[in-house]
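Note that ligands are numbered from 1 as they come in the structure, with each ligand's atoms numbered from 1 the same way. All residue numbers refer to positions in the sequence shown, counting from 1.
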Amino acid sequence: MNIIFYHPFFAAQDWLVGMTQRLPQAHIRAWQPGDNDRADYALVWRPPYEMLANRGDLKGIFALGAGVDAILEQERQHPGTLPTGVPLVRLEDSGMAQQMQEYALACVLRYFRRFDEYHVLQQQQRWLPLVPHQQSDFTIGILGAGVLGKSVAQKLVEFGFKVRCWSRSAKQINGVQSFAGNAQQAAFLHDTRLLINLLPNTPETQGILNQQLFAQLIPGAYLLNLARGAHLVENDLLQALEQGQIAAATLDVFGQEPLPQAHPFWCHPRVSITPHISAITLPEQAMNQIAANILALEAGGPPTGLVDMQRGY
Ligand code: NAP
Ligand code: GLV
């Protein structure tokens, strides 16, 4: 079995060693431009177009992350990049759900307990107790109720928050109010005080975080964008912050990464930034999942995390 590996910044050697330990029968190599030798499986993150093009020999393509938008975008730009019928498999949780819970909970508590405002007051050397927010009027809405959205919802429920989620299909998650489809989007947004985005980036969800959506939230709402920069219309957020419709935002993902030096988000007093780290790929857990999925495919069974090419996630 031959496996090719490409990641723009992961150390390939660690993956070659780790995958060989898990699949001793496999020969795994770091893909280099010009390498057209046989490959049964490809492990990729933002692969160059030539890596996957014309590879009719592939039996499976494994994304080294949860989102497959970059791979599917290549297929849109270069139709035929993804060999027809070859399963595209993504990482499902593999240690990302807990990271996302930690990140979301930290931000929620920061805004709910007004630590962001106390930080400003400290800088002004002002001793000023603020009126506490009440959980009863601090409803948290989560866009996306998949592996990560559901897990974040469950953690926030544990902390006593009122949580609702919005997805394509209705969900049953203990303590979480479910809204589904475009028909229920307005009802979901209405009463939401803090919005967390955990949608996949697809043609339907691009630009969903826009002025029209912000206007439907409770005035002075908070925004966490933890999914993809393409979801957010950046100028609409700047305007909503200016108008007070959005009180503050935490952004982990951006239209252009790294965020350009001159970008207004860097110095905005009510925007917090992290460099796309809310849930990173943990190599050991990712390799366990991928190796198990390769064995499942070899045995003729379905892998976990199979991407629906029509839906785009
Ligand atoms: P997932 O399991 O595929 O869940 C996606 C959710 O979004 C599902 O609930 C789905 O609804 C819903 N959805 C998709 N399209 C929709 C639409 N048009 N309208 C309404 N709901 C829609 O994905 P995941 O594993 O939770 O990951 C979500 C995203 O997080 C990834 O795609 C990735 O972009 C991002 N991510 C970011 C980081 C980071 O470090 N910042 C790390 C990991 C992942 P159904 O359940 O009804 O299908
Ligand atoms: C990271 O952004 C991922 O999709 O895994």
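Residue Leu198 approaches ligand 1 through these ligand atoms, each under 4.0 Å from one of its heavy atoms: 28 (C). In summary, the atoms of ligand 1 found under 4.0 Å from a heavy atom of His276, numbered by their order in the structure, are 39 (C), 40 (O), 41 (N). Annotation for ligand 2: atoms under 4.0 Å from non-hydrogen atoms of Gly65 are 5 (O).
For Arg90, the heavy-atom gap to ligand 2 stays at 4.0 angstrom or more.
The N/O atoms of Thr281, backbone and side chain alike, include none that comes under 3.5 Å of an N/O atom in ligand 2. For Ala279, no nitrogen or oxygen atom sits less than 3.5 Å from a nitrogen or oxygen atom of ligand 2, counting backbone and side chain alike. On a distance-only criterion, Ala227 and ligand 2 share no N/O pair closer than 3.5 Å. Considering both main-chain and side-chain atoms, Trp45 never comes within under 3.5 Å of ligand 2 through any nitrogen or oxygen pair.
Judged by distance alone, with hydrogens and angles left aside, the side-chain atoms of Gln216 form no donor-acceptor pair with the main-chain N or O of Leu189 at under 3.5 Å.
The heavy atom nearest to atom 16 (C) of ligand 1, out of those in Asp69, Leu148, Thr205, is found in Thr205. Residue nearest to atom 29 (C) of ligand 1, selected from Leu199, Thr274, Leu251: Leu199 (by heavy-atom distance).
The environment of Gln77 atom CD is dense: over 12 non-hydrogen atoms of other residues, nucleotides or ligands sit within 6.0 angstrom.
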* Asked: Phe5 and Trp15: ring-ring contact (aromatic ring centres under 6.0 Å, His included), yes or no, with the steps?
  -> CA-CA 8 Å; Phe5 172 93; Trp15 287 74; 5.5 Å; yes
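Note on Val44 and Ile290: separate hydrophobic clusters, where clusters join Ile, Leu, Val, Met, Phe, Trp and Tyr whose side-chain heavy atoms are under 4.5 Å apart, directly or indirectly.
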